[in-house]
Amino acid sequence: MASGYIVNRGALTLGIHYRNVCRTTTFTQIREKKRWMKSYAYTMERKRKIEGTPPPKPRSQKPNWDYHAEVQAFTCRLHENFSLELLKTAFVNPCYIESEQKRRQDLGMDSETIALVLKGNIELRSQGSDFTSSFLNDWCRASFPRLHSDGVAAVVAHLTCSTVVCHVARNLGIEDLTMSAEFPIPDDVLQSTLMAVIGALLESSGAERAGFFLRDFLATQLIGKDLFDMWTVVNPMGLLMEELAQKNMSAPEPRLIRSAGASTVLPLYFVGLYSDKKLLAQGPGDTVIAAEEEAARVALRDLYGFTENRRPSDFSTMKQQHEPVQYVASN
Amino acid sequence: MTSRGTPSRFLQSVLQNGVGRYVCQLKRISIIFSKNAQSSLGVREFIEEGVVDYAKTNPGTVVYVSPNTSRIPKIVAEYLNGNVREEEVTSKSSKQILELINTLTNQSGLDVIRLRKPFHTDSPSIQGQWHPFTNRAPSIGPIRPLP
């Protein structure tokens, strides 16, 4: 390789590889099995056991990171036109601004010479969360027109709760782009960042596009969920009686329809609810009371149109919604 | 190894991808290669010819090209759900590398392990799942073990 490589006689006799870096310096290289490697490896393992695994590092501190390119890719990936300035503002959290200012003060920089020209995302966040709750309310009412208003509120609260929102934010790649004081990013910071991103989308592209964004990413989290997982109803029978009274149907009468294994460890009872001698719903349970409650829940799901076998919500793309399908009649 | 000895998962998508809009799950791809070693010849050809076209057709993926003195050229793909996949491309041709990168682009980031079922549904039954009391007239009597 290098022309200055001189093979020493030692290479042939002792098996040591020299390279003369200059006349007075030699660089020795051991190409065989290294005797120190085993004890080094064991020492490092003991050190790792004492100190524990190293703390996770944010992606921006690992190699291969270009913030501007990442933000642009974020907009293209989601098929949205964000204004990049607004989006970059949306990712800056107030805790990050405070920690940065504190760090600059600690380093002794003048606050006048190197001012931190970063706006926080507080405004965008509040706009985003207001728009989110109003849009999700409207969407729920449109998709489930018969659902009780408490139910709608519970569904929207579930969709905007921090677990769901953080799950969505993590799987959209927002965690890498967020600027926050701590790492790993706490849930409330991540939630507010996603709301700020929605606010930025609202300002850049308008309410319709932001609505489609919310429908495609937040409303799809309803798929596969049961109504009463999200809405805790303590007394389903009472709620059912109110609903039937509103519709001018008579109060539900429970009747035991089926039973099996009454004297065993696993009894099964089916209770049916009848209104005007017509079956509303039937539900199973371990005891007769549990079966009656389950029957009331099944009846409520039927009334509100939130059954498992309902027609799925319309998530078709924007183009398909704007062009109504034209049917050609054929005889 | 057997199916019980190796990990397995159910068919799923990340964030119900495709129900609303389709989001390409590959967020960044890093091509690590050597400038002089012969094992990275294919990678160097790909970078000369194909990488710019690939980056233009996939604007949602950030492409990083980093030369270093490693003898083994790698492609590191990071997905939206946090998974990182490293593929070694020693002595591959430029075409093979392009095919590999297209495969990585079309994958979701979920683990490439055995799928227990090739289908998944959230509404398994339309008319109601059968249980022993379905369509059983009450006059027959209760379900009992045989005497």
Side-chain angles (χ1 to χ4, degrees), chain A residues 59 62-80 167-177 212-226 256-262 264 268 270 282 284 298 307-313 315-318, chain B residues 12-32 36 55-66 68 76 78-84 105 108-110 120-129 131-134 136-138 140-145:
Chain A
R59 182 65 182 80
K62 294 186 189 165
N64 280 345
W65 178 258
D66 180 0
Y67 190 67
H68 184 74
E70 295 280 345
V71 173
Q72 277 182 322
F74 180 78
T75 62
C76 293
R77 192 186 302 144
L78 299 175
H79 308 291
E80 296 285 355
H167 172 73
V168 171
R170 286 204 169 94
N171 285 319
L172 282 179
I174 289 180
E175 212 181 352
D176 293 341
L177 295 167
F212 280 127
F213 181 91
L214 281 177
R215 185 201 67 170
D216 288 340
F217 292 111
L218 278 187
T220 45
Q221 298 301 307
L222 272 186
I223 294 176
K225 285 258 159 55
D226 180 37
L256 181 67
I257 299 180
R258 314 278 194 176
S259 72
T264 61
L268 174 64
F270 267 85
Q282 56 172 336
V298 171
T307 51
E308 206 181 75
N309 57 0
R310 65 180 182 274
R311 195 188 181 95
S313 318
F315 289 110
S316 51
T317 58
M318 293 148 263
Chain B
Q12 60 189 150
S13 61
V14 177
L15 271 200
Q16 316 283 358
N17 194 20
V19 175
R21 64 190 73 178
Y22 173 70
V23 173
C24 177
Q25 292 290 313
L26 184 61
K27 62 179 170 186
R28 66 186 77 86
I29 193 155
S30 316
I31 308 181
I32 300 162
N36 292 322
K56 281 187 187 158
T57 38
N58 305 66
T61 312
V62 191
V63 180
Y64 293 97
V65 167
S66 39
N68 64 7
V76 180
E78 292 176 51
Y79 289 93
L80 282 181
N81 65 348
N83 279 359
V84 177
T105 314
S108 76
L110 300 163
H120 167 81
T121 172
D122 287 305
S123 47
S125 163
I126 302 291
Q127 300 180 32
Q129 182 149 47
H131 50 81
F133 291 119
T134 320
R136 187 189 170 92
I140 298 178
I143 297 174
R144 270 205 294 234

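No experiment lies behind these values; they were computed from the predicted model shown. These values consider heavy atoms only, across backbone and side chains, with no hydrogens, waters or symmetry-generated copies. We name chains A, B, ... by the order of the sequence lines, and we start the count at 1 in each one.
To the nearest 0.5 Å, the span separating CG on B:L15 from CD on A:Q221 amounts to 5.5 Å. For the atom pair A:R59 CZ and B:K27 NZ, the distance stands at 8.0 Å (nearest 0.5 Å). Atom CD1 in B:I126 sits 11.5 Å away from atom CZ in A:R310 (nearest 0.5 Å). Here the straight-line distance linking atom CG of B:D122 with atom CD1 of A:I223 works out to 7.0 Å at 0.5 Å rounding. The NE2 atom of A:H79 sits 8.5 Å away from the SG atom of B:C24 when rounded to the nearest 0.5 Å. Note that CD1 of B:I29 is 11.5 Å distant from CG of A:N64, once rounded to the nearest 0.5 Å.
Considering every non-hydrogen atom in both A:R77 and B:L26, the closest pair reads NE-O, 4.4 Å.
Looking at A:D66, both its backbone and its side chain come within 4.5 Å of chain B, counting heavy atoms on both sides. Interface residue B:Y22: only backbone heavy atoms are found under 4.5 Å from chain A. For B:R136, the parts sitting under 4.5 Å from any heavy atom of chain A are the backbone and the side chain alike. The contact between B:P124 and chain A is made by backbone and side chain atoms together, counting heavy-atom distances below 4.5 Å. Residue B:T121 does not touch chain A at all, counting heavy-atom pairs closer than 4.5 Å. With a threshold of 4.5 angstrom between heavy atoms, A:F213 approaches chain B through its backbone and through its side chain. Contacts of A:T220 with chain B are made by both backbone and side-chain atoms, with heavy-atom separations under 4.5 Å. Interface residue A:L268: only side-chain heavy atoms are found under 4.5 Å from chain B.
Your options are B:N17, B:V23, B:V14, and the one with the most heavy-atom pairs under 4.5 Å with chain A is B:V23. In terms of non-hydrogen atom pairs under 4.5 Å with chain B, the most contact-rich of A:S259, A:G261, A:P312, A:G224 is A:G224. Ranked by non-hydrogen atom pairs under 4.5 Å with chain B, the options A:E308, A:R258, A:E70 are led by A:R258.
Note: A:F270 and B:H131 have parallel aromatic rings, judged against thresholds of 30 and 60 degrees for the angle between ring planes.
Not counting sequence neighbours, the partners of B:S13 by the side chain to side chain contact (heavy atoms under 4.5 Å, CB included) test are B:Q16.
Taking 4.0 Å as the cut-off between side-chain N and carboxylate O, A:E80 and B:R21 count as a salt-bridged pair.
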Output, in order, the C-alpha distance, side-chain angles, deciding distance and verdict of side chain to side chain contact (heavy atoms under 4.5 Å, CB included) for B:N81 and A:N171.
CA-CA 5 Å; B:N81 65 348; A:N171 285 319; 3.4 Å; yes

